[in-house]
Amino acid sequence: MNETPTTDTVTVDALPGEFDQLPMRYGGAPIAPDEALGVARRIARVQKSHGRKGATVPDELPPADALLVPWACRLPPRLLAFVRAKADMEGVTVTDVVTQALQAYANSSPGAQVAYKAPRQR
């Protein structure tokens with residue numbers, strides 16, 4: 001039977017975060033691949049249940065070198081203006097800046113605050 005499991009029918013094959021929010025572990029290890037996939041599966045199931053077209057439940061994480069996907073978020077317009085100006089000064093794109101920031105966030109311990117070090121002045 002290819003029935004989608006619910007929280008009532010969770011089996012030992014369920015990944016962490018697949019059916020419930022991951023428990024907080026302040027200062028613990030960064031998110032593991034099985035946790036990322038578990039949460040991705042849970043979010044995809046919610047999207048499918050809300051009728052999102054094209055939403056599929058992943059069997060595995062995308063490869064690290066997968067093509068970029070469009071993603072939208074809301075930012076204060078003033079912050080975005082400053083980010084665009086600084087990225088322009090540095091010769092990078094806002095996508096580069098967001099990717100670097102999110103990579104640092106994902107690689108840090110839960111509950112940690114990501115800090116950036118300024119380069120040495122020449």
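Position 1 is the first residue of the sequence; numbering continues from there.
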Single hit among I31, D34, V39 for side-chain contact (heavy atoms from CB on, under 4.5 Å) with P16:
D34
Looking only at heavy atoms, which two atoms of A32 and R25 are closest? And how far apart?
N-NH2, 4.4 Å
Search all heavy atoms of A87 against all heavy atoms of V97 and return the closest pair with its distance.
CB-CG2, 4.1 Å
Does one hydrophobic cluster hold both V98 and L79, with members joined at side-chain heavy-atom distances below 4.5 Å?
yes
Taking atom types as modelled, is there a side-chain donor on T99 or D96 under 3.5 Å from an acceptor on the other?
no
Note, P30 side chain near N107 side chain (heavy atom, < 4.5 Å)
no
Euclidean distance, W71 CH2 relative to L102 CG, rounded to 0.5 Å
6.0 Å
Please check: side-chain N/O of S109 versus main-chain N/O of G28, any donor-acceptor pairing under 3.5 Å?
yes
If you count the non-hydrogen atoms of other residues, nucleotides and ligands that lie under 6.0 Å from OH in Y116, is the total more than 12?
yes
Where do V57 and K48 come nearest, in terms of heavy atoms and distance?
CG2-CD, 4.0 Å
With sequence neighbours excluded, what pairs up with Q100 under the side chain to side chain donor-acceptor pair (under 3.5 Å) test?
none
Just by distance, do the side chain of R42 and the backbone of G17 share a donor-acceptor pair under 3.5 Å?
yes
So does M24 have more than 12 non-hydrogen atoms from other groups sitting under 6.0 Å from CE?
yes
Is the count of non-hydrogen atoms from other residues, nucleotides or ligands lying under 6.0 Å from Q21 atom CD greater than 12?
no
Could you check whether any side-chain heavy atom of P77 comes within less than 4.5 Å of a side-chain heavy atom of L75, counting everything from C-beta outward?
no
Inter-residue atom distance R41.CZ - L61.CG, 0.5 Å rounding:
9.0 Å
With heavy-atom distances below 4.5 Å as the criterion, would you say the side chains of F19 and R45 are in contact?
yes
Residue pair Y26 / G111: nearest heavy atoms and the distance that separates them:
CD2-CA, 3.8 Å
Out of curiosity, E18 CD to D13 CG, how far, rounded to the nearest 0.5 Å?
9.0 Å
Show the nearest heavy-atom pair for residues L22 and E35, with the distance to one decimal.
CD1-CB, 3.9 Å
